[in-house]
Amino acid sequence: MIKRDLVIVGGGPAGMAAAVSAYENGVKDILLVERDQYLGGILNQCVHTGFGINYFKEILTGPEYADRFIEKVKNIPEIEVSLKSIVVSLMPDKIITFLKPGRLETIKAKAIIMATGCREKTREMVHIQGTRPAGIFSAGLAQKLINIEGLLPGKEIIVVGSGDIGLIMARRFTLEGAKVKAIIEIQKETRGLLRNMVQCVEDFNIPVYFNHKISRIYGKDRVEKVSVCKVDDNFNEISGSLFEIKCDTILMSVGLIPENELIEMAGVRIDGNKTSVPGIFMCGNCLKIYDLVDWVTQDSFLAGKLAATTIELLLKPGSHSNTMGAGLQ
Amino acid sequence: MKTHDVAIIGAGVIGTSIARELSRYKLDIALIEKEEELAFGVSKSNSGIIHPGTQNPPGSMKGCLCVQGNALIRKISKELGVDFKEVGELIVAFNEDDIKELLRLKKEAELLGVPGLRIVDKDWLEKNEPNLNSVAVCGLYAPTAGIISPYRLVYDLAENAVRNGVEIFTKAKVINISRADKYFEINTSLDLFKSRYLVNAAGLFADEISGMLGINDFKIKPRKGEEFILDKKKADLARHLIFPLPSKVSKGVLIIKTADGNPMIGPTAEDIEDKEDFSTSDSGLNKVLMSARRLIPSINDKDIIAYFAGLRPVAGDDFIIRHEEKCPGFINVAGIQSPGLTASPAIAVLVANILKKNELALKKKLIFHAHRKKTMHLFEIPLTKTQALIKKDHAYGDIVCRCEMVSAKEIRDAVRRGAKTMDGVKFRTRAQAGRCHGSFCTTRIIKILAEETQTPLTGITKRGRGSEIVRGGRGLIND
Ligand SMILES: Cc1cc2nc3c(=O)[nH]c(=O)nc-3n(C[C@H](O)[C@H](O)[C@H](O)COP(=O)(O)OP(=O)(O)OC[C@H]3O[C@@H](n4cnc5c(N)ncnc54)[C@H](O)[C@@H]3O)c2cc1C
Ligand SMILES: Cc1cc2nc3c(=O)[nH]c(=O)nc-3n(C[C@H](O)[C@H](O)[C@H](O)COP(=O)(O)OP(=O)(O)OC[C@H]3O[C@@H](n4cnc5c(N)ncnc54)[C@H](O)[C@@H]3O)c2cc1C
């Protein structure tokens, strides 16, 4: 079995910052494992601006922000990057397995940092009933289809939920010439950033329905319409408030969930900002959901530093893998 | 125009089982299906249970065929390399009255020939089904109950049937049928077919097909069942299939284990009119949750990752499987409600016998290829074996669907074996069937489908024309 000092899972902004910081704090043998074909994580599909205002004191797009870290990582030979490599197993004794085209690798690490990001909640998780036609996308998938693949998912759009991705995608679709018919938000106010409400919605006169929910999806092969109703404080339908909106596409932007299946499989518990296993750390969106990448970078630097301390302790002759509680902050 | 000996209408589990059974003999067989792919009808949306035969009236055709089918499916699943797991079922009693009912069920099932039945007590339940409601007093245990992937069964039956000479035609909707001379002329949206014998296995539309030949003495009434699938993380929720006592119209809401590892709860049973209404509802969800929690109180609706509705093709209380004397050579296989999946291999044998009785010569082929090479699924094998596989073909290491761990190799193979749509890929490989619902893998799958089928990306559909995934390229909006 191959041995490494530090393995980092996920090459988004969190994983990259952790790698750079671990190196700067003395770790000289780092493997950064990323399942996609490039580093950068979710930033690659965020072609809008609004990244880096705090960290770089500049207004950058997502890919620009990512590129600055990709450059750094590339210039540090002690950080080996393995792309198209998906980690499929993590064990509490810090043994990690990943698959890549042509290879399966098992590695025993002194420390591991999980930086696997998050995924979007689906229509099924919020239990919207009706039919199951084509045309229902998570906002992030729609973003990937438009910005990376150059494909347009649909022409008459309903956005469910007013998370940031939903707001940004409402603007994106409008710029592509599609009609965003409504944003439907069950809460009293948006969960997104104020600046996105202004720049993505108000500036484009997109109707937002607060205290409303989708009660049903219609359409046999492709989405045809939704029915929408007003809700009371318990999110129950207020009778008589039902109306329909025609559309061919529904974007779900109803929240993000940390991608923690590997951690769970390993039986590692997350307790606030710590994990139950010394030497296993977490950072970025898989630990908690961040609005701004700048804070991801900042916190991930700390994770890299903590991992470096653990490894240093282990390397010191006579010391045990010990006390060093896992986690950050 | 070629004349087939037998034409079969409908490529669900019933039609494909019949086609595969008949492919043992020297016959020209056409299997005719209206959808883009096979198993897109009732056979894709059911509970996937191979029932032991309990809960059927003694003497009923469906009861007898269910017990026979349960025995036959074991051999077939081995031959075809479809995973069948014998997990056993429990019907649970909560009070004295229930126990009486349980004993009655046991007796009835024994009359049908269901093997191995026994009553298990509270201790047994506590030990063997730890999450079960502790109020349960005893249960009827049927060890021969099992689970199978219903769509993979259809695809593998079909593949094997084709290997043995069956011709399959999709996107061929039967529009009218006439009897000329000694032949049926079957007019479809694809082509005109001619056959000596005709088998109607059209599921929900079997009454309409039968009506085309003037036989109108039954109507198919859809009975909707909504089902809710839970995250694989909850695979250990139940060790057996768990049933309440059955009602008049259905077996009730069950705790189901599926071949793919996700537990499932459902189905509801609601008589409806519209044969194309596959919608789920809030009331369905509430009902299923309430009933399922009576069996396992800890079920959490947050674990639901997918849901669907299926329609049982109901024509009275029993199956209708018969040669129509008024229309010689025409065989109706209609009203195949539950347990139709289980009964399918037995129905196929029965139909072969009916054909024989009506003077179709069944001469065995010199060589019948009974076996099919099992399809590889990474998620089914341990990581230690994955290594060798990746060595053999690098693309096994190229993971497309992260939730279910499906590789590019498996997806390409599925398309080469006949998947034409996103749903076709999903049913064959499980890609998109996990907790993220395709958010991660959709883009890569549409690319692989486009490449392999030489279709533009904009032509890739969820399940056939009209269900295109994207509506154009960027900048092409003003068409
Ligand atoms: C649509 C959208 C708009 C946003 N807008 C802004 C904005 O305007 N300004 C701003 O500051 N912030 C914004 N953010 C927030 C910011 O981009 C994120 O918080 C940040 O990218 C999170 O970084 P991360 O590294 O934790 O996760 P990710 O960027 O998601 O990276 C996780 C990486 O881990 C990899 N990975 C996961 N599992 C495995 C595995 N098993 N094996 C190998 N690799 C794996 C993934 O492929 C991915 O590359 C936005 C986010 C989104 C989604
Ligand atoms: C909710 C639910 C749960 C169930 N659970 C179980 C279970 O656990 N165990 C079990 O044993 N059974 C179960 N069943 C029953 C089982 O699913 C059915 O009995 C079985 O799938 C019926 O198969 P079929 O081939 O007759 O129908 P289908 O699969 O519907 O096949 C008929 C085919 O005919 C095609 N067709 C129709 N009209 C035309 C036309 N004009 N031209 C060409 N083609 C046409 C259709 O497109 C379709 O593909 C369940 C059913 C439901 C609804």
Side-chain angles (χ1 to χ4, degrees), chain A residues 35 84-86 88-89 97-106 119-120 122-125 127-142 144-155 176-178 215-222 237 248-249 252 257 259 261 264-265, chain B residues 226 228-229 233 276-282 284-285 301-302 304-309 378 383 386-387 389-391 394-399 402-403 405 407-408 422 435-440 442-443 446-447 457-458 461-478:
Chain A
R35 66 181 170 204
K84 294 182 100 176
S85 305
I86 182 162
V88 293
S89 151
T97 306
F98 64 89
L99 309 183
K100 65 190 292 183
R103 235 166 54 228
L104 173 147
E105 268 187 35
T106 303
R119 65 168 175 273
E120 295 172 276
T122 62
R123 167 249 177 129
E124 284 76 13
M125 282 174 191
H127 303 337
I128 299 178
Q129 304 300 334
T131 56
R132 291 164 309 287
I136 305 170
F137 301 86
S138 70
L141 171 57
K144 190 158 142 198
L145 285 167
I146 296 190
N147 292 345
I148 298 194
E149 307 299 340
L151 293 169
L152 194 67
K155 301 178 181 181
E176 285 298 334
S215 76
R216 217 175 161 86
I217 295 172
Y218 296 86
K220 187 171 164 279
D221 296 320
R222 177 85 195 189
E237 175 175 344
D248 66 8
T249 301
M252 298 302 300
I257 319 171
E259 190 105 75
E261 276 65 34
E264 282 175 18
M265 252 162 51
Chain B
E226 298 180 31
F228 298 84
I229 303 171
K233 289 176 199 170
E276 300 199 330
D277 173 7
F278 294 97
S279 62
T280 54
S281 63
D282 291 325
L285 170 63
D301 64 326
K302 286 213 170 68
I304 293 174
I305 63 155
Y307 34 78
F308 62 82
L378 283 187
L383 276 177
T386 307
Q387 175 121 47
L389 218 53
I390 297 178
K391 277 242 170 69
H394 285 195
Y396 276 116
D398 182 3
I399 300 298
R402 56 134 193 251
C403 303
M405 206 166 121
S407 64
M422 295 298 276
R435 50 181 80 96
C436 93
H437 247 261
S439 293
F440 181 71
T442 295
T443 48
I446 57 179
K447 281 193 213 163
L457 288 171
T458 47
T461 66
K462 180 168 164 57
R463 52 171 170 252
R465 249 188 103 180
S467 67
E468 283 72 18
I469 301 292
V470 296
R471 309 223 58 187
R474 272 174 57 199
L476 300 177
I477 192 106
N478 301 317

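No hydrogens, no waters, no symmetry mates; every other heavy atom, side chains included, goes into these values. Note that this is a predicted model, so its numbers are computed, not measured.
Judged by distance alone, with hydrogens and angles left aside, the side-chain atoms of A/His127 form no donor-acceptor pair with the main-chain N or O of B/Leu285 at under 3.5 Å.
Interface check for chain B: of the options A/Met265, A/Glu105, A/Lys84, A/Arg123, the most heavy-atom pairs under 4.5 Å are formed by A/Arg123. Here B/Ile305 is the residue among B/Ile305, B/Asp277, B/Ile446 with the most heavy-atom pairs under 4.5 Å with chain A. Residue with the most contacts toward chain A among B/Glu276, B/Arg465, B/Lys391: B/Glu276 (heavy-atom pairs, distance under 4.5 Å). Your options are A/Ile148, A/Asp248, A/Thr249, A/Thr97, and the one with the most heavy-atom pairs under 4.5 Å with chain B is A/Asp248. Ranking B/Thr280, B/Ile304, B/Ile229 against chain A, the residue ahead of the rest is B/Thr280, based on heavy-atom pairs under 4.5 Å. Of the listed residues (A/Ile146, A/Ile217, A/Ile136, A/Thr122), the one with the most heavy-atom contacts under 4.5 Å to chain B is A/Ile146. Between chain A and the residues B/Lys233, B/Arg402, B/Lys302, the most heavy-atom pairs under 4.5 angstrom are made by B/Arg402.
With a threshold of 4.5 angstrom between heavy atoms, B/Leu457 approaches chain A through side-chain atoms but not through N, CA, C or O. With a 4.5 angstrom heavy-atom cutoff, B/Asp301 touches chain A via backbone and side-chain atoms both. Proximity to chain B (any heavy atom under 4.5 Å) is restricted, for A/Ile86, to the side chain, taken from C-beta onward. When heavy atoms are compared at a cutoff of 4.5 Å, A/Thr106 does not approach chain B at all. Using a 4.5 Å cut-off between heavy atoms, B/Leu389 makes no contact with chain A at all. If you measure heavy-atom distances from A/Glu261 to chain B, the contacts under 4.5 Å come from the side chain alone. A/Phe137 touches chain B through its side chain: at least one heavy atom from C-beta onward sits under 4.5 Å away, while N, CA, C and O do not. Both the backbone and the side chain of B/Phe440 come within contact range of chain A, each with at least one heavy atom under 4.5 Å from a heavy atom of that chain.
By the 4.5 Å heavy-atom criterion applied to side chains, A/Gln129 and B/Asp282 are counted as neighbours. Proximity of A/Leu99 to B/Met405: side-chain heavy atoms (C-beta onward) are separated by under 4.5 Å at one or more points. Using a 4.5 Å heavy-atom threshold, the side chains of A/Arg35 and B/Ile399 count as separate. Taking 4.5 Å as the limit, some side-chain heavy atom of A/Leu141 sits within range of a side-chain heavy atom of B/Thr443. Using a 4.5 Å heavy-atom threshold, the side chains of B/Thr386 and A/Val88 count as separate.
In terms of heavy-atom proximity, A/Arg119 sits nearest to B/Cys436 at CD-CB, 3.9 Å. Heavy-atom minimum distance, B/Ser439 versus A/Ser138: OG-OG, 3.1 Å. Minimum interatomic distance between A/Arg222 and B/Glu468 (heavy atoms only, all atoms of both residues): NH1-O, 2.9 Å. Taking each heavy atom of B/Arg463 and A/Lys220 in turn, the nearest pair found is NH2-O, 2.8 Å. The two atoms that bring B/Phe278 and A/Arg132 nearest to each other are O-NH2, 2.9 Å, heavy atoms only. Heavy atoms only, all atoms of each residue included: A/Leu104 and B/Leu383 are closest at CD1-O, 3.7 Å.
With rounding to the nearest 0.5 Å, the separation of CD in A/Glu124 from CZ in B/Arg435 is 14.0 Å. Taking CG of A/Asp221 as the start and OG1 of B/Thr461 as the end, the distance is 9.0 Å to the nearest 0.5 Å.
A side-chain donor from one of B/Ser279 and A/Arg216 sits under 3.5 Å from a side-chain acceptor of the other.
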